[in-house]
Amino acid sequence: MENEIINFINVWLTVCASLCYCYLIGKNVRPGGRRLISIFPVVCLFLYLPLRLSSAHLGGPTAFFIAWLANFKLLLFSFAGGPLSSDPPLPLRRFLAVSCLPIKIQRNHLQISQNGENTSPKSSPNAPQIETPLPSKSFLSYAIKGFLVALMVKLYDYSEFMHPKLVMCIYSWHIYFLLEIILAAAKFLARNLLGAELEPQFNDPYFSTSLQDFWGRRWNLMVTGILNPTVYKPTIRLAAPVVGRKWAPLLAVLATFFVSAMMHELIFYYLGRMRPDWEVSRFFAVHGVALTVEILAKKAWPEKCRRVPAVVSVPLTVGFVFVTGIWMFFPQFVRCGIDVKAFAEYAAVSDFFTKRLFLIGELI
């Protein structure tokens, strides 16, 4: 574990140095092909660095933040797009943070979205711009989720007596609650150390009324925010002259799910170092096709038929996501041994603090 921590520190020092280089490139090279060529070696380096880490809790987030989030932002930055390209330019400290984290910069009272656009309410040019605060979760909500995570970890001791599908169901809630708690802590640090807000990542996905609602407005919003300008919108621009404006968004949806599938396969490879069996890709293919069918159905049905009561639409949507997730997505955690690694890391951390407390007790 000590070697892993040293590697983790070295990886992030390399990331910071590489982003400083990209910052200088942004100052001295105009957007376009030359900037892309200058930044592309960093993109390749960020694909390699996660291979230096093997733990679930350090390697997984690092892989996501630099191989996916940072790389996509740097590609946008190469063409003067995305959150790294702003006027006036970001200072170095915030450039480093925004590159790797889902940061919402608060500057001049303007609300800046993930793709760098001003999303403040429209008002008179002379009127003061007021930022609408992000919805906040109560401390009690996170305390309850923390308790549930601890309860789930305890339940794993009895997993041999439970049906495998039930264990997968517990995994899904465990991952969701743990992500919310981690991001809440990161949000607190970002606000106090950088004066910035983390983008909201989840918006109560268990209340989703449709797949559009789930993928577009409730689940993993940082991924939605970065895939929108890098895949969805460019696909529409390229496809519209060929298939028309009516069908281009459908191709863009499928392209977005394809890229998301490939990136998830890459993240699982970083975590497990195993050749993909493409189950995760099939999961995203099923959802991409299902979402496309849903969009077509909504366009074809009368307005009254689209208004399905939440008491019906929510169980159908959440049930579909859970069934397909337990069938094709969450088994990858077991196949890659991520659960075993995670519990070993929990035990190592617990052992570390137990020994330190014992030493303190002896000194007292």
Side-chain angles (χ1 to χ4, degrees), residues 68-69 71-83 85 102 111-122 199-205 207-266 278 280-308 310 312-314 316-321 324-325 328-329:
W68 190 343
L69 202 61
N71 270 351
F72 277 48
K73 289 182 180 180
L74 289 176
L75 292 174
L76 289 172
F77 180 62
S78 299
F79 298 96
S85 300
Q111 184 174 327
I112 308 299
S113 68
Q114 182 80 1
N115 60 4
E117 297 175 354
N118 175 14
T119 59
S120 299
K122 301 295 183 182
E199 293 279 1
Q201 302 312 315
F202 300 97
N203 181 22
D204 297 331
F207 292 137
S208 301
T209 57
S210 66
L211 290 178
Q212 277 184 295
D213 188 33
F214 178 84
W215 289 110
R217 292 180 289 272
R218 293 186 180 273
W219 179 259
N220 210 346
L221 299 181
M222 84 172 100
V223 169
T224 301
I226 201 64
L227 288 177
N228 185 47
T230 54
V231 181
Y232 183 80
K233 289 182 177 179
T235 302
I236 288 180
R237 287 196 296 269
L238 293 172
V242 180
V243 300
R245 295 289 302 178
K246 178 180 178 181
W247 301 105
L250 301 180
L251 290 178
V253 167
L254 294 175
T256 302
F257 273 87
F258 173 78
V259 172
S260 183
M262 294 300 100
M263 295 308 300
H264 277 86
E265 294 282 9
L266 180 63
W278 308 112
V280 172
S281 294
R282 283 191 278 273
F283 169 82
F284 283 98
V286 167
H287 277 262
V289 172
L291 180 54
T292 303
V293 171
E294 181 182 281
I295 294 171
L296 289 172
K298 287 182 177 179
K299 289 182 178 180
W301 292 345
E303 183 68 25
K304 292 182 179 180
C305 297
R306 303 179 195 174
R307 299 174 183 173
V308 181
V312 175
S313 60
V314 170
L316 287 176
T317 302
V318 176
F320 179 76
V321 173
T324 53
M328 291 179 285
F329 187 84

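Side chains are part of it too, since the values below use all heavy atoms of this structure and drop only hydrogens, waters and symmetry mates. Just so you know, residue 1 is the first one in the sequence shown, and it goes up from there.
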Practice item. Step through the shown structure and confirm whether more than 12 heavy atoms of other residues, nucleotides or ligands are within 6.0 Å of NZ on Lys299. Key: yes

Review point. How far apart are the closest heavy atoms of Ile236 and Ala252, and which atoms are they?
Key: CG1-CB, 3.6 Å

Exercise for review: Could you tell me whether Phe320 atom CZ has more than 12 heavy atoms of other residues or ligands within 6.0 Å of it?
Suggested key: yes

Review point. If you measure from CG on Leu227 to OH on Tyr232, what distance do you get to the nearest 0.5 Å?
Key: 12.5 Å

Check your understanding: Any idea which heavy atoms bring Leu211 and Ala290 closest together, and the distance?
Key -> CD1-CB, 3.6 Å

Review point. Backbone N or O of Val314 within a donor-acceptor pair of the Thr317 side chain at under 3.5 Å?
Key: no

Check your understanding: Roughly how far apart are Trp219 CH2 and Thr224 OG1, rounded to 0.5 Å?
Key -> 11.0 Å

Check your understanding: How many angstroms lie between atom CZ of Phe329 and atom CZ of Arg282, to the nearest 0.5 angstrom?
Key -> 14.0 Å

**Study point:** Shortest non-hydrogen contact between Pro234 and Thr230, atoms and distance
**Key:** CG-O, 3.6 Å

Revision key, fill the gap. Smallest heavy-atom separation, Glu265 atom then Trp278 atom, equals OE2-CA, 3.2 Å

Check your understanding: Any sub-3.5 Å donor-acceptor pair from Ser85's side-chain atoms to Gly82's backbone N or O?
Key -> no

Check your understanding: Would you call the rings of Phe284 and Trp215 parallel, tilted or perpendicular if under 30° counts as parallel and over 60° as perpendicular?
Key -> tilted

Exercise for review: Work out which heavy atom in Ala261 is nearest to a heavy atom in Ser281; give both atom names and the distance.
Suggested key: CB-CA, 3.9 Å

Review point. If you measure from CG on Leu76 to CG on Asn71, what distance do you get to the nearest 0.5 Å?
Key: 11.0 Å

Check your understanding: Which distance, rounded to the nearest 0.5 Å, do you find between the CG of Leu250 and the CD1 of Ile295?
Key -> 6.0 Å

Exercise for review: Please confirm whether the backbone N or O of Asp204 pairs with a side-chain atom of Arg218, one donor and one acceptor, at under 3.5 Å?
Suggested key: yes

Check your understanding: Do side-chain atoms of Glu294 reach the backbone of Gln212 as a donor and acceptor pair under 3.5 angstrom?
Key -> yes

Exercise for review: Using modelled atom types only, decide if a donor and an acceptor are shared between the side chain of Ser260 and the backbone of Thr256 within a distance under 3.5 Å.
Suggested key: no

Check your understanding: What distance separates Met263 CE from Ile226 CD1, expressed to the nearest 0.5 Å?
Key -> 11.0 Å

